[in-house]
Amino acid sequence: MSKVATRFAPSPTGALHIGGVRTALFNWLYSKNQNGTFHLRIEDTDKERSKEEHKIQIINSLEWMGIKHDGEEYIQSKKIDEHVKIAKKLLETGHAYKCYCSTEEIEEQKKRAKQKKIPYVYNRKWRDISEDQAPKDIKPVIRFKSKIKGTSLLKDLVQGNVEIENNTIEDFIILRKDETPTYNLSASVDDHNMEMTHIIRGDDHKINTFKQIQIYEALGWSIPQFAHIPLIHTIDGKKLSKRDNASTLEDYSKIGILPESLRNYLLRLGWSYKDKEIFNLDESIKLFNLEGIGKSPSKLDMSRILSLNEYYIKNTDENILYKKLKQYCEIYKEKIKEEKENTIKNSLTFLKNKAKTLEDIFNNSKYILNDEVIFSEKDKELINDEAKKIIYLFKEKISIIKVFDRNNLEKIINGLIESKNTNFKSVGQPLRIMLTGSKFGPGIYDIILSLGKNEVIKRLGNIG
RNA sequence: GGUCCCUUCGUCUAUCGGUUAGGACACAUGGUUUUCAUCCAUGAAAGAGGGGUUCGAUUCCCCUAGGGACCGCCA
């Protein structure tokens, strides 16, 4: 039994979306689980639409997810000559033929089929016509001689046995009239040359598989195993496409979703292992299998992603979390000033407990990040005369305490509540607003302690 | 229209013929709490419909309905 080899084969015609990421993840996980290799193939043969920037984006996305491919990336456009050679070989061995139908002729047939509401299948016109009858003014395409009779069975590792009538597969084109190979030919040849043992891909490729298997058979090549995983649907139940919102990795990373959260989410979307919900990387690799993949498509659920992210934020060590936050702020927000670094780092213990995303942490640390407190008019109104008195008293009291710690702060605040015969809110809220410019945020003691005595006194001095 | 696939709480799913149909997210209620959260407890919530097979079907088979994918000289 040869070593398992899987691949992810995106075309760089747009940003990699989350469905593609999941396909890559499943391929990667499966190969790692089987102690095999995982490869990346860039299918860039559509010259019009393929862009270098998309290729880079794809590689970056995979890297962000922690998915590393083995070996060099395989660039399909560099292998076109080989594909053409195989097409010619298929022609020579009688498995393919030249078709001299003009584009117009085909279009006409398609139109007629549509009018009659019957499915269009190429009529195999040139399958048996001798080549000397070929028109001189038309460049031919090469079509594969598909099986006409009988049925074909696909033993899919996820979908089970899928059987179709061979005559529903037309004599598909393998070489265009400009002598460039088409997808099914290129994919088959590359998968063979790359020695892929398992093709794990989206369900939308299932019908192609029947074409590709015929190519393998015609060439006498061994056929890899196939696993067609169900697609991810949008909230309204359609196939996820590049045009959908919130479907690229960047959409998630920019709001501060951690790659491990997304990895865990994507893993559990369409795959399960008993009742287990949280899988760290090692567990993912150890436990992943094809049997656990369901057959029905699933919808994206943002609240689940957020919830998983919250879990991972809470369970990430502060030093590591800080690194992630720092990097996140640099890319999507603003660079954390050097003199603030330690304060932020030390505040992570409480900041991370009220955040679902890195963006939440960033927002909740704005009172540290910004030297100036910005108030909204509405909040300002809450600082009435009584509140001002309290702020003033509080400021006086902390100015003279020797030890600036939680214990003493509690004493002061409780003392204020008692002497003013009021509740916590009327003391805590004005202080919070003065210190952070917001009614919400971390606990008041956390705020005060993280800011430090001098800064607190300074900010409380802003009172009008 | 043709071919193929799918169908358990709102969502992701467990169940591999016998369960009070379980878990997670979301939701609701209550508690803890020094705001907002967190956290804890509790609750509501599902086998698309109809036939079979069987002592017994969510589970196996068929039909219907609904949904999806594919049907390019794109990949």
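Just so it is clear: chains get the letters A, B, ... in the order the sequence lines come, proteins before strands, and each one is counted from 1. What's counted below: heavy atoms across the whole structure, side chains too, no hydrogens, waters or symmetry copies.
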task = Under a 3.5 Å limit for both distances, which nucleotide forms a Watson-Crick or G-U wobble pair with A28(B), could you say?
result =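 Base-paired to U42(B).
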Taking salt bridge (Lys or Arg N to Asp or Glu O under 4.0 Å) as the test, write out the residues that go with [X], two or more places apart.
X       : result
E277(A) : R268(A), R304(A)
K395(A) : none
E179(A) : K88(A)
E82(A)  : none

ask   = Does anything in residues 284-300 of chain A pair up under salt bridge (charged side-chain N to carboxylate O under 4.0 Å, His left out), and if so which pairs, sequence neighbours excluded?
value =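 For residues 284-300 of chain A: none.
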inquiry  = Does anything in residues 410-426 of chain A form a salt bridge (charged side-chain N to carboxylate O under 4.0 Å, His left out)? List the pairs, not counting sequence neighbours.
reply    =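 Checked against salt bridge (charged side-chain N to carboxylate O under 4.0 Å, His left out) - neighbours excluded - the pairs reaching residues 410-426 of chain A are E386(A)-K420(A), R406(A)-E410(A).
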query = Distance between the C1' atoms of C36(B) and A45(B), in whole angstroms?
reply =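 So the two C1' atoms sit 28 Å from each other.
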task = Could you work out the separation of A24(B) and C63(B) based on their C1' atoms and round it to a whole Å?
result =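 One C1' to the other, the span is 35 Å.
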Validation: residues 95-102 of chain A side-chain donor-acceptor distances under 3.5 Å, sequence neighbours left out:
unit_1, atom_1, unit_2, atom_2, d
Y97(A), OH, D171(A), OD2, 2.6
S102(A), OG, E104(A), OE1, 3.4
S102(A), OG, E105(A), N, 3.1

inquiry  = Quick check for you: among C70(B), U35(B), C25(B), whose closest atom lies nearest to any side-chain atom of D204(A)?
reply    =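 Selected nucleotide (nearest to the side chain): C70(B).
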Under 3.5 Å, which protein N or O atoms sit close to an N or O of nucleotides 10-13 of chain B? Give each pair with its distance.
unit_1, atom_1, unit_2, atom_2, d
C12(B), OP1, K299(A), N, 3.0
C12(B), O2', R268(A), O, 2.9
U13(B), OP1, G270(A), N, 2.5
U13(B), O3', S272(A), OG, 3.1

ask   = If each of D46(A) and N414(A) is mapped to the nucleotide of RNA chain B with the nearest heavy atom, which maps nearer the 5' terminus, i.e. the 5' end?
value =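 Nearer the 5' end of the strand: N414(A).
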key: Sub-4.5 Å side-chain heavy-atom contact between L321(A) and L325(A)   =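 L321(A) does not reach L325(A) side chain to side chain.
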Check nucleotides 1-5 of chain B against the protein and report each pair of N or O atoms closer than 3.5 Å, with its distance, or say if there are none.
unit_1, atom_1, unit_2, atom_2, d
G1(B), O2', K117(A), O, 3.0
C5(B), O4', K206(A), NZ, 3.2
C5(B), O2', Q159(A), OE1, 3.4

Got a list of protein N/O to nucleotides 61-66 of chain B N/O distances below 3.5 Å?
none

Under-4.0 Å salt bridge between K453(A) and E455(A) =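 Answer for the salt bridge query: no.
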inquiry  = Would R143(A) and F172(A) count as a cation-pi pair here, with the cationic atom under 6.0 angstrom from the ring centre and within 45° of the axis?
reply    =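 No, R143(A) and F172(A) do not form such a contact.
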Side-chain N,O (K239(A)) to OP1/OP2 (C70(B)) below 4.0 Å =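 The answer is yes; a side-chain N or O of K239(A) sits under 4.0 Å from OP1 or OP2.
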N or O in side chain of K238(A) less than 4.0 angstrom from G68(B) OP1/OP2 =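 Looking at the OP1 and OP2 atoms of G68(B), one of them is under 4.0 Å from a side-chain N or O of K238(A).
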Check: F288(A) ring centroid to W271(A) ring centroid under 6.0 Å =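 Yes - the distance between ring centres of F288(A) and W271(A) falls below the 6.0 Å cut-off.
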request  = Could you name each residue pair satisfying side chain to side chain donor-acceptor pair (under 3.5 Å) that touches residues 434-450 of chain A, not counting sequence neighbours?
outcome  =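 Sorted pair list: Y367(A)-S450(A).
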key: Nucleic acid contacts - residues 418-433 of chain A versus RNA chain B, non-hydrogen atoms under 4.0 Å   =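 Output list: F424(A), R432(A).
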query = Can you tell me if E163(A) and T151(A) form a side-chain donor-acceptor pair at under 3.5 Å?
reply =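 Yes, side-chain donor-acceptor contact under 3.5 Å.
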message = Without decimals, in angstroms, what is the distance between N208(A) CG and G72(B) C1'?
response =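 After rounding, the gap between these two atoms is 11 Å.
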task = Would you mind reading off the distance between I448(A) atom CD1 and U34(B) atom C1', rounded to a whole angstrom?
result =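 The answer, rounded to whole Å, is 11 Å.
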